[in-house]
**Q** 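Take a look at the following structure, please.
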Amino acid sequence: MAFAALQKYEEALDTCTFALKVDGNWGRFSPALAWLQRGILLSGLTQYEQAIIAYDRTLLLQPKDSLTLAYRCEAFTKLNQNEPAIDSCDRALAGNGKWGDKTAAFAWINRGVAHRQLKQWEKAIADYDRAINIEPNDPLTWAAQGFVFEKLARFNESLTSYDRALQISPKFSLALVGRCTMLNQLTQYKEALEACEQSLQGDGNWIETGPAQAWNQRGKALTGLEKYEEALASANRAVGIKPDYPEAWSDRGAILWYLRKYEEALDSTQRSIQLNPNNAKAWLNQGIVLRAMGQPEEALKTYDKALQLDPTDAETWVNQSVALLDLGRLQAALSATDNALRFNPKSFMGWYNRGVALVKLRQYQEAFLAYEKAAKVKPDSADALTGLGISLFFLKRYPDAVLTLQAALKLNPNQGLAQEALKNGDAAANKKIIAVTLLCTGSAKCDRYAPRVCSHSTKSSSAETPNRALPSGSSWGREEWDLRSGCFSGVRSGWVRTAIATHQESATKPQDPTD
């Protein structure tokens with residue numbers, strides 16, 4: 001036991017073996033103690049199958065020993081034999097309650113590991129909760145629970161668990177990198193970058209992925225901050241430290257895509273897939289790169305593979321819809337957006353791409369509703385407002401269309417589609433937009449007659465001027481006719497903003513219910 005405390009496992013193992021071979025005079029002790037220590041030492045040497053044999057020998061002498069059964073459970077989890085692990089942990093919890101220098105939390109933690117490896121996330125969370133109730137100040141358990149919340153995409157709860165671990169152990173590298181990962185998921189990139197850099201200066205307790213995860217997540221934070229060259233340098237460190245890290249190769253491919261280094265990006269995603277063919281994210285990233293390289297058909301194949309592995313990923317469905325739009329397969333693209341929104345009703349790109357598909361299908365009212373949803377998800381998106389404005393033009397809601405497109409240009413003066421839509425829209429709307437805005441002074445009569453009057457005016461070869469003679473049979477009065485004349489002078493002078501302002505002012509005037 002003294003050798004084990006000094007982590008001199010080979011010497012300790014030799015001593016245990018010798019003890020089991022001598023005269024059998026154990027005094028007040030039992031050979032079960034030697035067998036248990038032998039199992040613990042073999043586990044320390046990662047010889048888990050031999051360790052289980054030693055634990056089984058212990059249990060022949062003490063069948064209900066809780067501590068032995070919990071260690072046996074741990075060894076099974078190391079071998080990824082999760083069903084016998086859970087059985088052994090259950091027996092430990094129902095055993096004699098003798099835990100040595102540990103507590104029942106040891107069994108609950110190992111049971112949580114087994115459920116986690118079986119992807120039974122809710123059961124794992126419950127197990128960790130039981131462990132935390134017994135040992136509330138164990139940072140490793142809090143971090144393990146944070147990891148499970150992450151898998152359930154419950155990012156705020158995950159962040160809370162990591163933060164609790166850091167309250168107990170402020171320099172715990174594993175919790176710091178977990179915190180960085182969650183902040184990246186929550187698009188809080190500046191805070192994520194700080195957490196990742198703290199993790200690299202932490203206590204060095206990383207468990208599995210080591211500092212490679214911190215460098216990889218640091219690269220993702222820098223990508224979110226649009227610092228792509230720095231992000232690539234960080235990603236290169238990640239794969240340099242751990243060349244068999246598939247997630248890092250995949251994320252590196254995404255950074256190279258941002259840098260438009262498509263061939264290198266493709267090589268990086270392919271490397272990720274070689275390391276783990278079941279990594280859905282790598283297949284998704286490869287599809288994005290292939291589409292950027294002008295290969296939408298090949299991109300579709302990789303999206304299909306990603307969806308076979310994870311059919312609930314909204315991001316993959318969104319990207320599939322883009323490739324289908326490229327190929328003109330509009331109904332299929334619309335179905336892909338439906339799937340994206342089924343799994344993530346707040347997907348901005350899901351609603352936006354749905355609007356694109358519906359406009360192409362000439363379903364303008366539905367397109368309007370889709371773009372409206374997109375704008376609610378991301379109110380500062382010039383693209384969403386541009387789509388909304390275009391759908392309004394097609395719905396012949398010209399004043400609203402112009403205002404919406406102008407709002408898009410305020411957000412992004414370089415939004416080319418909004419500029420083009422306004423330019424073309426002004427010409428297309430000349431017949432009705434100004435009639436509705438300048439002629440209408442709150443009268444319901446306007447809605448019935450303005451289109452006909454405007455249509456008549458556009459046949460004139462010269463600009464209308466006030467005080468012209470009323471046309472024969474006109475139902476309009478002098479004031480309205482003068483407004484109409486001024487309206488078309490305004491159209492030909494490009495006074496669209498004046499027209500809209502007049503419309504907005506007149507909209508506040510009460511209508512005559514008898515008109």
Side-chain angles (χ1 to χ4, degrees), residues 4 7 9 13 35-59 62-135 138-152 158 161-162 165 172 174-175 177-178 205-210 213 244-247 276 278:
Q7 295 186 341
Y9 296 121
L13 188 60
W35 283 113
L36 174 59
Q37 288 302 316
R38 180 177 173 79
I40 294 170
L41 292 167
L42 287 164
S43 286
L45 293 167
T46 69
Q47 298 178 28
Y48 301 117
E49 291 178 345
Q50 293 299 313
I52 290 169
I53 292 172
Y55 295 140
D56 286 343
R57 291 295 296 270
T58 308
L59 293 169
Q62 295 180 353
K64 294 185 177 182
D65 186 60
S66 291
L67 184 60
T68 303
L69 286 160
Y71 271 117
R72 183 173 178 268
C73 171
E74 179 188 50
F76 275 122
T77 66
K78 298 294 185 181
L79 294 169
N80 207 22
Q81 297 180 25
N82 298 302
E83 295 295 349
I86 292 168
D87 176 71
S88 193
C89 273
D90 287 344
R91 288 170 59 193
L93 292 164
N96 62 10
K98 294 181 179 180
W99 298 102
D101 61 349
K102 296 188 179 296
T103 68
F106 182 50
W108 286 113
I109 290 167
N110 287 320
R111 192 173 184 268
V113 172
H115 280 131
R116 188 187 75 200
Q117 291 178 168
L118 289 168
K119 297 184 179 180
Q120 297 175 358
W121 309 119
E122 295 290 352
K123 290 182 178 180
I125 288 171
D127 290 337
Y128 290 135
D129 276 339
R130 295 293 294 271
I132 287 167
N133 284 336
I134 298 168
E135 294 183 11
D138 180 12
L140 186 58
T141 308
W142 282 106
Q145 189 181 63
F147 175 82
V148 178
F149 278 128
E150 176 185 344
K151 292 298 181 182
L152 288 168
S158 177
S161 292
Y162 286 128
F172 187 13
L174 182 65
V177 78
N205 187 354
W206 301 101
I207 310 297
E208 296 173 2
T209 56
Q213 183 184 357
D244 61 346
Y245 188 5
E247 289 80 7
N276 180 11
N278 295 320

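The figures here come from the full heavy-atom set of this structure, side chains too, leaving out hydrogens, waters and symmetry mates. Just so you know, residue 1 is the first one in the sequence shown, and it goes up from there.
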**Q** So how far is it from Glu247 CD to Gln213 CD, rounded to the nearest 0.5 Å?
**A**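 One finds 9.0 Å between CD of Glu247 and CD of Gln213.
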**Q** Measure the spacing between CD1 of Ile134 and OG1 of Thr103 and express it to the nearest 0.5 Å.
**A**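 One gets 5.5 Å once the value is rounded to the nearest 0.5 Å.
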**Q** With no hydrogens and no angle check, is any side-chain donor or acceptor of Ser158 less than 3.5 Å from a backbone partner on Phe149?
**A** no
**Q** Between CG of Leu36 and OH of Tyr71, what distance do you get to the nearest 0.5 Å?
**A** 7.0 Å
**Q** Does the Thr141 side chain pair with the main chain of Ile132, one donor and one acceptor, at a distance under 3.5 Å?
**A** no
**Q** Locate the shortest heavy-atom distance separating Asn110 from Thr77; write the atom from each residue and the value.
**A**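 Result for this residue pair: O-CG2, 3.7 Å.
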**Q** For Gln117, I'd like to know if atom CD has over 12 heavy atoms of other residues, nucleotides or ligands within 6.0 Å.
**A** yes
**Q** May I ask you to decide if the ring planes of Phe147 and Trp121 are parallel, tilted or perpendicular, using 30° and 60° as cut-offs?
**A** perpendicular
**Q** Distance check, rounded to the nearest 0.5 Å: Phe106 atom CZ versus Leu93 atom CG?
**A** 11.5 Å
**Q** Ignoring hydrogens, what is the shortest heavy-atom contact between Ala114 and Ala85? Give both atom names and the distance.
**A**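 Taking every non-hydrogen atom into account, CB-CB, 4.2 Å.
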**Q** For residues Tyr48 and Ala75, report the shortest heavy-atom separation together with the two atoms involved.
**A**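 So the minimum-distance heavy-atom pair works out to CB-O, 4.1 Å.
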**Q** Can you run down the salt bridge (Lys or Arg N to Asp or Glu O under 4.0 Å) pairs that involve residues 67-76, sequence neighbours left out, and say none if there aren't any?
**A**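 Non-adjacent pairs meeting salt bridge (Lys or Arg N to Asp or Glu O under 4.0 Å): Asp56-Arg72.
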**Q** If I take atom CZ from residue Arg57 and atom OG1 from residue Thr68, how far apart are they, to the nearest 0.5 angstrom?
**A** 13.5 Å
**Q** Please give me the minimum heavy-atom distance between Gly39 and Ala51, naming the atom from each residue.
**A**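 Looking at all heavy atoms of both residues, the closest pair is O-CB, 3.3 Å.
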**Q** Check whether any side-chain heavy atom of Asn205 lies under 4.5 Å from a side-chain heavy atom of Leu140, and answer yes or no.
**A**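 No, every pair of side-chain atoms sits at 4.5 Å or beyond.
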**Q** Between Trp206 and Leu174, which heavy-atom pair has the shortest distance, and what is it?
**A**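 Taking Trp206 first and Leu174 second, the nearest heavy atoms are O-CD1, 3.5 Å.
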**Q** If you look only at pairs with a residue in residues 81-91, which of them pass as a salt bridge (Lys or Arg N to Asp or Glu O under 4.0 Å), with sequence neighbours excluded?
**A** Asp90-Arg111
**Q** Working to the nearest 0.5 angstrom, can you tell me the gap between Tyr55 OH and Leu42 CG?
**A** 8.0 Å
**Q** Lys98 versus Leu67: any side-chain heavy-atom pair under 4.5 Å?
**A** no
**Q** For the residue pair Glu49 and Leu79, establish whether any side-chain heavy-atom pair is separated by less than 4.5 Å.
**A**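 The answer is yes, as the side chains (C-beta and beyond) meet within the 4.5 Å cut-off.
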**Q** Quick check: closest heavy atoms across Cys89 and Ala107, and the distance to 0.1 Å?
**A** SG-O, 3.3 Å
**Q** Check step by step if side-chain contact (heavy atoms from CB on, under 4.5 Å) holds for Val113 and Tyr128.
**A** CA-CA 9 Å; Val113 172; Tyr128 290 135; 3.8 Å; yes
**Q** Taking the ring of Tyr162 and the ring of Phe172, is the distance between their centroids below 6.0 Å?
**A**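 Centroid distance Phe172-Tyr162: not below 6.0 Å, so no.
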**Q** Mind running side-chain contact (heavy atoms from CB on, under 4.5 Å) on Arg116 and Asp127 for me, showing each step along the way?
**A** CA-CA 10 Å; Arg116 188 187 75 200; Asp127 290 337; over 6 Å; no
**Q** A side-chain contact here means heavy atoms from C-beta on lying under 4.5 Å apart; do Trp108 and Glu135 qualify?
**A** no
**Q** Taking atom types as modelled, find out whether Asp129 and Gln145 have a side-chain donor-acceptor pair closer than 3.5 angstrom.
**A** yes
